[in-house]
Student: 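Before anything else, here's the structure in question.
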Amino acid sequence: MAQEVTNDVFVKIWNNSETYDESKGRFFTWVLNIARNAAIDVLRSKSFKQDKLTLSFDSAIYDFLSQKEEVVVIDD
């Protein structure tokens, strides 16, 4: 996901390079703000929240199955 955001940031910078105004600040700050905003957009997106919930559910199932196997081994 970080790679996708980084790629999107570079594309945004490339496509909007004419909007950079040197009198408003340094180039680094301009790029940093674009990257920060892109990262925030991803974190606030519905798909990210859904993926996070799905990952938690998958992890819970794995934990449950691992515990079940341990109980079987202990009972033997």
Student: Applying the 4.5 Å side-chain criterion to the ILVMFWY set and letting contacts propagate, would Ile34 and Met1 be lumped into a single cluster?
Tutor: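 Yes; Met1 is reachable from Ile34 via cluster members.
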Student: Considering only distance and modelled atom types, tabulate donor-acceptor pairs under 3.5 Å from the side chains of residues 20-31, sequence neighbours left out.
Tutor:
from: Tyr20; atom 1: OH; to: Gly25; atom 2: O; distance (Å): 2.9
from: Tyr20; atom 1: OH; to: Phe27; atom 2: N; distance (Å): 3.0
from: Asp21; atom 1: OD1; to: Ser23; atom 2: N; distance (Å): 3.2
from: Asp21; atom 1: OD1; to: Ser23; atom 2: OG; distance (Å): 2.9
from: Asp21; atom 1: OD2; to: Ser23; atom 2: OG; distance (Å): 3.0

Student: Can you name the closest pair of heavy atoms from Val5 and Ala38 and give their distance?
Tutor: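 Between these two residues, the closest heavy atoms are CG1-CB, 4.1 Å.
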Student: Does anything in residues 2-16 form a side-chain hydrogen bond (donor to acceptor under 3.5 Å, both in side chains)? List the pairs, not counting sequence neighbours.
Tutor: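 Not a single pair qualifies under side-chain hydrogen bond (donor to acceptor under 3.5 Å, both in side chains).
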